[in-house]
Amino acid sequence: MLLNQDILTVSDVAMELRCSKAHVHNAINGKVAGVTQLPAIHMGNRKLIRRSALEQWKTANERNSFDGMAPKSSKIGAACP
């Protein structure tokens, strides 16, 4: 895989994300819990992913995972028992 490719195959994305091609297809179809749908270009049975869309998707889902880790309420300044 060339690092500067504008269009990626499902195999390219799977290698980059270190997951299976089936998992990438599930992400494209919106079937992976906890992440947004991965945007893809549908050409019959073939799916192609723009490099820029993949990078935006990774950033958006990375933020979502950190948002879920933040404490629900902050008790800064609260007295300790």
Side-chain angles (χ1 to χ4, degrees):
M1 178 181 92
L2 298 174
L3 293 178
N4 292 329
Q5 283 182 316
D6 289 333
I7 301 292
L8 304 170
T9 64
V10 169
S11 294
D12 295 334
V13 174
M15 284 185 358
E16 183 165 328
L17 296 178
R18 297 181 183 200
C19 66
S20 69
K21 293 187 292 184
H23 201 68
V24 174
H25 279 285
N26 286 336
I28 290 169
N29 293 323
K31 296 180 180 179
V32 178
V35 297
T36 59
Q37 186 172 1
L38 176 61
I41 301 165
H42 298 255
M43 294 179 58
N45 288 334
R46 188 164 191 196
K47 310 291 187 257
L48 301 172
I49 299 91
R50 289 183 199 213
R51 161 70 61 194
S52 59
L54 176 62
E55 295 304 323
Q56 290 174 357
W57 180 84
K58 289 191 302 186
T59 300
N61 286 288
E62 182 177 49
R63 285 188 193 139
N64 287 341
S65 67
F66 286 122
D67 290 344
M69 293 171 55
K72 299 241 185 241
S73 63
S74 177
K75 294 188 179 184
I76 296 174
C80 294

> Could you grab the distance from atom SG of Cys19 to atom NE2 of His25, nearest 0.5 Å is fine?
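Taking SG in Cys19 and NE2 in His25, the distance rounds to 10.5 Å.
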> Surrounding NZ of Lys31 (heavy atoms of other residues, nucleotides or ligands, distance under 6.0 Å), is the total greater than 12?
no
> Distance-only, no hydrogens or angles: does the Asn26 side chain make a donor-acceptor pair with backbone N or O of His23 under 3.5 Å?
no
> Please report the shortest heavy-atom distance between Arg51 and Gln5, naming the atom on each side.
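In this case the closest contact between Arg51 and Gln5 is CB-O, 3.3 Å.
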> Compare all side-chain heavy atoms of Ile7 with those of Ile41 and state whether any distance is below 4.5 angstrom.
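Yes. Closest side-chain heavy atoms under 4.5 Å.
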> Look up atom CG in Leu48 and atom CG in Asp6, then write down how far apart they are to the nearest 0.5 Å.
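Leu48 CG to Asp6 CG: 12.0 Å, rounded to 0.5 Å.
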> With hydrophobic residues grouped by side-chain heavy-atom distances under 4.5 Å, do Ile28 and Leu8 end up in a single group?
yes
> Hey, does the side chain of Gln37 reach the backbone of Asn29 with a donor-acceptor pair shorter than 3.5 angstrom?
no
> Could you tell me whether the side chain of Lys21 reaches within less than 4.5 Å of the side chain of Thr9, counting heavy atoms only?
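Side-chain contact under 4.5 Å: no.
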> State the CG-OG1 distance between Asn61 and Thr36, to the nearest 0.5 angstrom.
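Taking CG in Asn61 and OG1 in Thr36, the distance rounds to 3.5 Å.
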> Would a single hydrophobic cluster contain both Leu17 and Ile49, if residues Ile, Leu, Val, Met, Phe, Trp and Tyr are joined by side-chain heavy-atom contacts under 4.5 Å?
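In one cluster with Ile49: Leu17, yes.
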